[in-house]
Amino acid sequence: MNEVERILQLREELHRHNYNYYVLNAPEITDQEFDFLMRELQDLEEKHPECKDDNSPTMRVGSDLNKNFVQVAHKYSMLSLANTYSEAEVADFFNRVQKDLNEDFEICCEMKFDGTSISLIYEEGRLVRAVTRGDGTQGDDVTDNVKTIRSIPLVLRGEGYPREFEIRGEILMPWQVFEQLNEERERREEPLFANPRNAASGTLKLQNSSVVASRKLDAYLYYLLGEELPCGGHYENMMKAAQWGFKVSDIMRKCTSLQEVMDFIRYWDVERKNLPVATDGIVLKVNSLRQQKNLGSTAKSPRWAIAYKFQAERACTRLNKVTYQVGRTGAVTPVANLDPVQLAGTVVKRASLHNADIIEGLDLHIGDYVYVEKGGEIIPKIVGVDKEARFMIGDKVKFITHCPECGSPLMRYEGEAAHYCVNDAACPPQIKGKIEHYVSRKAMNIDGLGTETIDQFYQEGLIHTIADLYTLKAPDIARLERMGKKSAVNILEGVRASKNVPFERVLFALGIRFVGETTAKTLARAFRSIDALSKATLEELVGVDEIGAKIAQSILQYFSDERNVELIERLRNEGVQMEMEELDMEGYTDKLEGKSIVISGVFTHHSRDEYKELIEKNGGKNVGSISKKTSFILAGDNMGPSKLEKAQKLGIPIMNEDEFLALIE
């Protein structure tokens with residue numbers, strides 16, 4: 001056997017031993033024997049650079065070369081799951097699926113691992129790319145770092161896998177590794193990681209992949225996507241993925257009844273504490289891929305899956321003081337400062353008190369011992385006071401009357417729980433908050449401008465509004481502390497690139513109260529330009545699907561402020577997009593203008609979401625319930641009998657999908 005043949009043999013052997021050890025937990029050789037084989041392969045590869053292979057087992061060691069991450073668009077959007085916190089909400093989900101499908105279905109129950117999401121792309125059985133979730137539409141290419149995770153196969157085993165596919169999962173740091181890492185950091189007097197999720201996420205974004213390799217990350221894979229999947233069921237596809245070498249949790253079960261789902265939840269609510277990695281709930285998925293497609297998705301999450309979050313853990317600790325934070329909208333949030341306490345894997349020192357009514361309802365005093373929970377095991381909140389433990393307590397906590405930042409009197413609008421600082425033109429946190437929102441990834445996506453940099457620019461007098469970003473000069477940036485020529489060039493390049501951001505994201509970036517990402521898209525497509533939107537009447541605004549009086553009034557108020565009008569004019573003069581381009585409007589018609597359409601049933605040619613998009617693109621309005629104003633019903637198979645009865649009673653026309661597609665063609 002020559003050396004090149006030995007290289008190929010060693011790679012095959014090491015891939016097999018790696019799978020046996022990290023996935024099956026059944027090693028066939030000792031660690032020392034594994035290291036000897038690895039060292040032999042490294043030596044041979046150095047002698048034969050012509051045999052370079054990006055998926056060689058030696059790539060798992062990582063490199064000490066720093067490398068910036070490149071953003072990559074996801075082929076399939078990585079939506080987040082809707083969360084539920086009670087068995088009643090799980091029952092609602094099950095019953096809703098049952099009603100919408102109107103046919104038999106299975107629910108796949110699996111653990112919700114508490115790590116950082118990853119998308120892995122394989123071609124011809126080899127790992128070619130690993131991308132973080134990012135904002136759901138694009139993420140960072142972290143392939144080199146992911147190759148150091150030994151439970152992720154670089155080359156697949158067996159056969160039958162698609163030529164090209166994507167598999168998603170969770171990158172995790174096991175409890176044991178997490179504790180060891182924090183012990184090492186404590187000895188070096190470095191800040192400790194708050195929980196394994198933060199540790200895993202931070203590790204995955206390190207520039208040095210050799211350090212990533214030393215952190216011993218793990219991964220569980222949980223969802224397969226592609227054009228040529230082997231099976232029509234999610235569970236069956238994951239069992240196939242396990243045969244190809246992926247680490248798939250064996251805590252997966254198909255259920256056909258609500259009782260079986262509840263039994264699974266109750267069992268693992270207790271047993272999860274014995275698992276080697278952090279979990280925070282159960283994920284429930286409709287198993288059939290066909291049924292998943294027909295159920296579709298909302299703008300944020302699929303309708304065919306939910307996450308049941310385990311009940312929050314509770315701890316008791318002392319309230320030392322209450323401070324107040326001012327957000328970009330001027331909302332003032334009270335924050336409880338506490339004695340540090342361990343809660344659900346993290347050290348909690350602060351908790352939100354939300355508003356004045358919450359403080360009054362708790363009857364809080366400085367020095368009280370309070371009960372702290374994590375809402376969904378993420379955000380700490382105070383849920384009660386141990387009044388029996390009161391001893392020499394301090395003053396009763398009363399909500400402040402003036403802004404802690406600028407001293408302006410606070411205002412509370414009718415029907416709202418929050419207090420607001422209305423001095424939005426001169427209150428520093430509001431000014432900086434608006435700029436942070438403007439440059440954020442889902443808005444204008446200007447790199448290099450984090451919270452600290454924006455604060456620095458503000459303190460130096462370089463920026464006071466979002467329009468000031470476009471008058472920044474490289475020498476002014478480069479002279480600042482922690483800056484330099486390269487940082488200045490990167491920031492200015494990001495600012496220039498933001499001029500190409502489409503109008504719908506610009507509208508979101510402006511930070512108009514109540515106009516979120518989805519609402520901004522709706523408004524942009526309805527009015528097509530900032531000029532048309534600024535001239536819209538209340539009646540015209542509420543006439544747009546999903547725009548209520550509250551949002552409409554906020555838009556009218558925004559454009560009635562001359563400072564906002566001047567700001568928009570400055571942005572327009574700098575080249576920021578203030579109208580939809582023809583390319584953005586491609587495919588839009590008025591064929592369904594003025595028509596209100598209800599969708600019901602299961603479809604063959606397109607999913608429900610795709611039909612909703614087609615209705616909107618052709619000027620129609622999607623409505624959820626049948627009324628006299630309904631123009632017609634787009635009906636698929638298994639249309640709900642109650643909807644059919646109501647349609648017949650009101651004389652509403654019913655159109656099948658072939659007729660509908662012919663109508664808009």
Side-chain angles (χ1 to χ4, degrees), residues 1-70 72 118-132 140-159 161 163-167 169 171 173 177 203-219 221 241 243-247:
M1 179 183 299
N2 62 38
E3 289 184 337
V4 172
E5 290 172 335
R6 178 59 177 162
I7 287 174
L8 298 176
Q9 183 189 50
L10 282 169
R11 286 174 179 167
E12 186 178 338
E13 275 188 46
L14 286 166
H15 280 312
R16 187 181 75 254
H17 289 310
N18 193 78
Y19 171 74
N20 290 338
Y21 187 96
Y22 291 98
V23 179
L24 298 183
N25 199 24
E28 294 177 351
I29 60 175
T30 66
D31 290 351
Q32 188 178 31
E33 289 170 317
F34 184 91
D35 291 340
F36 283 150
L37 293 174
M38 180 68 80
R39 198 168 299 119
E40 182 185 355
L41 178 58
Q42 286 174 319
D43 292 341
L44 287 172
E45 285 181 342
E46 284 181 17
K47 286 177 65 178
H48 295 276
E50 74 277 8
C51 294
K52 182 180 183 296
D53 184 348
D54 289 339
N55 287 44
S56 169
T58 55
M59 297 301 292
R60 296 193 183 278
V61 178
S63 165
D64 60 0
L65 294 175
N66 287 344
K67 181 179 178 182
N68 292 325
F69 297 114
V70 177
V72 176
I118 196 71
S119 164
L120 307 175
I121 312 298
Y122 285 80
E123 293 177 5
E124 306 292 353
R126 303 170 73 83
L127 175 66
V128 294
R129 190 174 299 112
V131 185
T132 63
D140 291 322
D141 187 330
V142 290
T143 309
D144 287 344
N145 284 352
V146 163
K147 283 181 177 180
T148 69
I149 303 172
R150 296 178 182 271
S151 51
I152 292 178
L154 304 181
V155 178
L156 299 185
R157 302 166 55 81
E159 55 187 22
Y161 41 79
R163 189 189 66 80
E164 181 181 339
F165 67 91
E166 176 179 350
I167 190 165
I171 304 294
M173 180 172 285
V177 177
T203 298
L204 196 61
K205 297 302 290 290
L206 290 173
Q207 300 290 330
N208 189 327
S209 61
S210 65
V211 177
V212 180
S214 71
R215 294 277 179 88
K216 301 176 184 176
L217 295 176
D218 200 354
L221 287 304
Q243 294 174 15
W244 304 334
F246 292 106
K247 190 168 187 176

Original post:
Looking only at atom types and distance, does a side-chain atom of N55 sit under 3.5 Å from a main-chain N or O of L127, one as donor and one as acceptor?
Top reply: yes

**OP:** Apply the test side-chain contact (heavy atoms from CB on, under 4.5 Å) to residues T148 and L217: give CA-CA distance (whole Å), side-chain angles for both, the deciding distance (0.1 Å), then the verdict.
**Re:** CA-CA 8 Å; T148 69; L217 295 176; over 6 Å; no

**OP:** Ignoring hydrogens and angles, tell me if any N or O in the side chain of T132 forms a donor-acceptor pair with the backbone of D140 under 3.5 Å.
**Re:** yes

**OP:** Answer yes or no: is there a donor N or O on one side and an acceptor on the other, between the side chain of S151 and the main chain of A219, under 3.5 Å?
**Re:** yes

Subject >> Separation of Q42 CD from I7 CD1 (nearest 0.5 Å) >> reply: 12.0 Å

**OP:** Run the salt-bridge test on R163 and E123 with the 4.0 Å N-O cut-off and return the result as yes or no.
**Re:** no

Original post:
Can you check side-chain contact (heavy atoms from CB on, under 4.5 Å) on I149 and I171, steps first, answer last?
Top reply: CA-CA 9 Å; I149 303 172; I171 304 294; 3.7 Å; yes

**OP:** Would you kindly say whether R129 and T143 are connected by a side-chain donor-acceptor distance under 3.5 Å?
**Re:** no

Original post:
Do the side chain of N145 and the main chain of L204 share a donor and acceptor less than 3.5 angstrom apart?
Top reply: yes

**OP:** Could you tell me whether the side chain of W244 and the main chain of G158 form a donor-acceptor pair under 3.5 Å?
**Re:** no

**OP:** First locate atom CG of L37, then atom CD1 of I29, and finally report the distance between them rounded to the nearest 0.5 Å.
**Re:** 5.0 Å

Original post:
Could D218 and R150 be called an ion pair, given the rule that one side-chain N must be under 4.0 Å from one carboxylate O?
Top reply: no

**OP:** Assess whether side-chain contact (heavy atoms from CB on, under 4.5 Å) is satisfied between V177 and R215, documenting all intermediate values.
**Re:** CA-CA 7 Å; V177 177; R215 294 277 179 88; 5.6 Å; no

**OP:** Start with the C-alpha gap between E45 and K52, add the side-chain angles, then the distance that decides, and say whether salt bridge (charged side-chain N to carboxylate O under 4.0 Å, His left out) holds.
**Re:** CA-CA 7 Å; E45 285 181 342; K52 182 180 183 296; over 6 Å; no

Original post:
Heavy atoms, side chains only, cut-off 4.5 Å: are H15 and P57 in contact?
Top reply: yes

Original post:
Side chains of T58 and M38: does their closest heavy-atom pair fall under 4.5 Å?
Top reply: yes

Original post:
Is V146 close to L120 at the side-chain level, that is, under 4.5 Å between some pair of heavy atoms?
Top reply: yes

Original post:
Using a distance-only test with no angle check, is there a side-chain donor-acceptor pair under 3.5 angstrom linking S119 and E166?
Top reply: yes

**OP:** Quick one: pull up CD1 in I121 and CD1 in I167 and give me the separation to the nearest 0.5 Å.
**Re:** 10.5 Å

Original post:
Are L10 and L44 side-chain neighbours, meaning at least one heavy-atom pair lies under 4.5 Å?
Top reply: yes

**OP:** Check R11, R6, E5 against Q9 for a side-chain hydrogen bond (donor to acceptor under 3.5 Å, both in side chains) and give me the one that passes.
**Re:** R6

Original post:
Do the two ring centres, one from Y161 and one from F246, sit under 6.0 Å apart?
Top reply: no

Original post:
Strictly by modelled atom types, are S209 and D144 linked by a side-chain donor-acceptor pair under 3.5 Å?
Top reply: no

Subject >> Stepwise side-chain contact (heavy atoms from CB on, under 4.5 Å) test for L156 and R126 >> reply: CA-CA 6 Å; L156 299 185; R126 303 170 73 83; over 6 Å; no

Original post:
Is any side-chain heavy atom of R16 closer than 4.5 Å to a side-chain heavy atom of R157?
Top reply: yes

Original post:
Just by modelled atom types, is the P153 backbone N or O under 3.5 Å from a matching donor or acceptor in the Y122 side chain?
Top reply: yes

